[in-house]
Amino acid sequence: MTHVVKVYRAERFSPNSVSRDRAIIDAVGSLLASHGCTVEGVSEDMLGASDAVDIYLSMARTPRALGILRQREAEGSTVVNRPDGVAVCRRSNIDRLMRSHGLPAAPLSGTCGYWLKRGDEAAQGRDDVVFARNETEKDEALRRFKARGVADVVVTAHVRGDVVKFYGVLGTGFFRTFHADANFSKFGDEAVNGAARHYAFDAERLHGDAERLAVLAGVDAYGGDCIVREDGTYAVIDFNDWPSFARCRAEAAGAIAARVGDIFNGKRVKK
């Protein structure tokens, strides 16, 4: 019988989203259980030595947990998302990947303000993502990051337009987009862009760009945010390993479970 372990994300990496993050990994686990797998769960902070496990469904982000999962992967376990891919998803790495491969990132300079975002880890609190209206505020925000011991900061120009969230599962054809939900926001940052105007954009092209970035990063369950401008062009401003898929959870769980099955049986999208 196939043994599956769900590795829950540490709560500090799920600001205002602990239950949402648990819900998607539980949904995938339930589907695998319905197909005869033995499924159990553990927090990444409690992940330790164990008997041989066939599949890890992992939302882990701590270096310690990723190190354990790398070892398990080397021993033959299937891990989704892969620990090396999760490590690549540091914001500063993603920013470099997009720019070096011609993917649509936010510009580095502009006249509408700046966003400063912690680059070494995923955002864990409001102070990790800061909007600065001008150069003076940008310099002050950089000083605050430095005072907190955060030297790796991604700075990009503000892009006017609609905030559009996207969710995908690599290699399955699953891809969904939603305008930012006014009823839920981790930190309220979407308010800077104001109410959505629903500008038309090429969702198929965004899917292609997102899949390419997922392949470059090495993650299978992914999501992110982009800004759609009035002319239909867009800039990807965030890319994450295994988001909550809250607005399309049931569909996403089915796609992730299928992807896990494919990988377990030896199929993985190549870079």
Side-chain angles (χ1 to χ4, degrees), residues 12-17 61 87-166 177-182 184-201 205-206 209-210 212-213 216-217 222-241 243:
R12 61 188 175 278
F13 295 121
S14 293
N16 303 319
S17 294
R61 286 178 173 169
V88 169
C89 282
R90 287 171 45 171
R91 195 184 303 274
S92 55
N93 288 339
I94 291 296
D95 189 73
R96 283 192 293 269
L97 273 179
M98 287 196 295
R99 296 185 194 284
S100 63
H101 288 85
L103 291 167
L108 297 176
S109 61
T111 60
C112 303
Y114 295 90
W115 286 96
L116 297 88
K117 302 177 181 180
R118 182 172 189 159
D120 60 338
E121 294 182 352
Q124 299 170 50
R126 180 177 291 277
D127 290 343
D128 289 338
V129 180
V130 177
F131 176 65
R133 292 174 296 179
N134 50 49
E135 295 282 348
T136 301
E137 288 189 4
K138 181 184 75 172
D139 292 343
E140 177 55 33
L142 283 170
R143 282 192 288 271
R144 291 198 301 272
F145 273 109
K146 185 176 180 180
R148 293 169 53 210
V150 179
D152 187 355
V153 180
V154 175
V155 181
T156 56
H158 176 65
V159 179
R160 289 177 173 169
D162 292 341
V163 181
V164 173
K165 295 182 176 295
F166 60 85
T177 62
F178 302 92
H179 284 83
D181 188 347
F184 174 77
S185 175
K186 287 185 179 181
F187 306 121
D189 294 323
E190 293 87 349
V192 176
N193 283 75
R197 294 166 178 80
H198 297 271
Y199 298 133
F201 68 99
R205 182 175 181 179
L206 176 60
D209 286 336
R212 186 179 175 204
L213 186 52
L216 290 168
Y222 66 85
D225 298 334
C226 72
I227 305 295
V228 176
R229 302 179 181 92
E230 185 174 5
D231 64 1
T233 62
Y234 54 81
V236 175
I237 60 168
D238 201 9
F239 185 85
N240 301 305
D241 57 284

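Looking at residues two or more places apart in sequence or on another chain, you find a side-chain contact (heavy atoms from CB on, under 4.5 Å) between T233 and R229, D231. Take E230 and apply the side-chain contact (heavy atoms from CB on, under 4.5 Å) test, not counting sequence neighbours, and it matches Y199.
Contact check for F239 versus L97: no side-chain heavy atoms found under the 4.5 Å cut-off. Using a 4.5 Å heavy-atom threshold, the side chains of L116 and E140 count as separate. Residues K117 and I237 form a side-chain contact, since some pair of their non-hydrogen atoms from C-beta on lies under 4.5 Å apart. Between L108 and R99, some side-chain heavy-atom pair lies under the 4.5 Å cut-off.
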Yes or no on side chain to side chain contact (heavy atoms under 4.5 Å, CB included) for I94 and M98, after CA distance, side-chain angles and deciding distance?
CA-CA 6 Å; I94 291 296; M98 287 196 295; 4.2 Å; yes
Verdict with reasoning, T156 to D95, per side chain to side chain contact (heavy atoms under 4.5 Å, CB included)
CA-CA 10 Å; T156 56; D95 189 73; 4.2 Å; yes
Stepwise side chain to side chain contact (heavy atoms under 4.5 Å, CB included) test for I227 and V163:
CA-CA 5 Å; I227 305 295; V163 181; 3.7 Å; yes
Run the side chain to side chain contact (heavy atoms under 4.5 Å, CB included) check on R61 and D241 step by step: do they pass?
CA-CA 9 Å; R61 286 178 173 169; D241 57 284; 3.3 Å; yes
Quick one: do R143 and D139 satisfy salt bridge (Lys or Arg N to Asp or Glu O under 4.0 Å)? Show the steps, please.
CA-CA 6 Å; R143 282 192 288 271; D139 292 343; 5.4 Å; no
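Using cut-offs of 30° and 60° for the angle between ring planes, the H158 and W115 rings count as tilted.
Nearest heavy atoms, N93 versus A87: ND2-O, 3.5 Å. Residues G110 and A157 approach most closely at N-CB, 3.6 Å, considering heavy atoms. When all heavy atoms of A106 and V159 are compared, the pair lying nearest together is CB-CG2, 4.0 Å. In this structure, V130 and A141 approach most closely via the heavy-atom pair CG1-CB, 4.0 Å. Across all non-hydrogen atoms, the minimal contact from F145 to D128 is CZ-O, 3.8 Å. The two residues C226 and F166 come nearest to each other via the heavy atoms N-CE2, 4.2 Å.
The closest donor-acceptor contact from the side chain of R212 to the backbone of L103 lies at 3.5 Å or more, if one exists at all. Looking at D162, its side chain does come within 3.5 Å of a backbone N or O of R197 through a donor-acceptor pair. For the pair Y234 (side chain) and L206 (backbone), a donor-acceptor distance under 3.5 Å is present.
Remark: R133 CZ is loosely packed, at most 12 non-hydrogen atoms of other residues, nucleotides or ligands lying under 6.0 Å away.
In this structure, CZ in F13 is found 12.5 Å from CG in N240, a value given to the nearest 0.5 Å.
Among D225, D152, D120, D238, the single residue meeting the salt bridge (Lys or Arg N to Asp or Glu O under 4.0 Å) criterion with R91 is D238.
When only modelled atom types and interatomic distance are considered, E137 and Y114 share no side-chain donor-acceptor pair under 3.5 Å.
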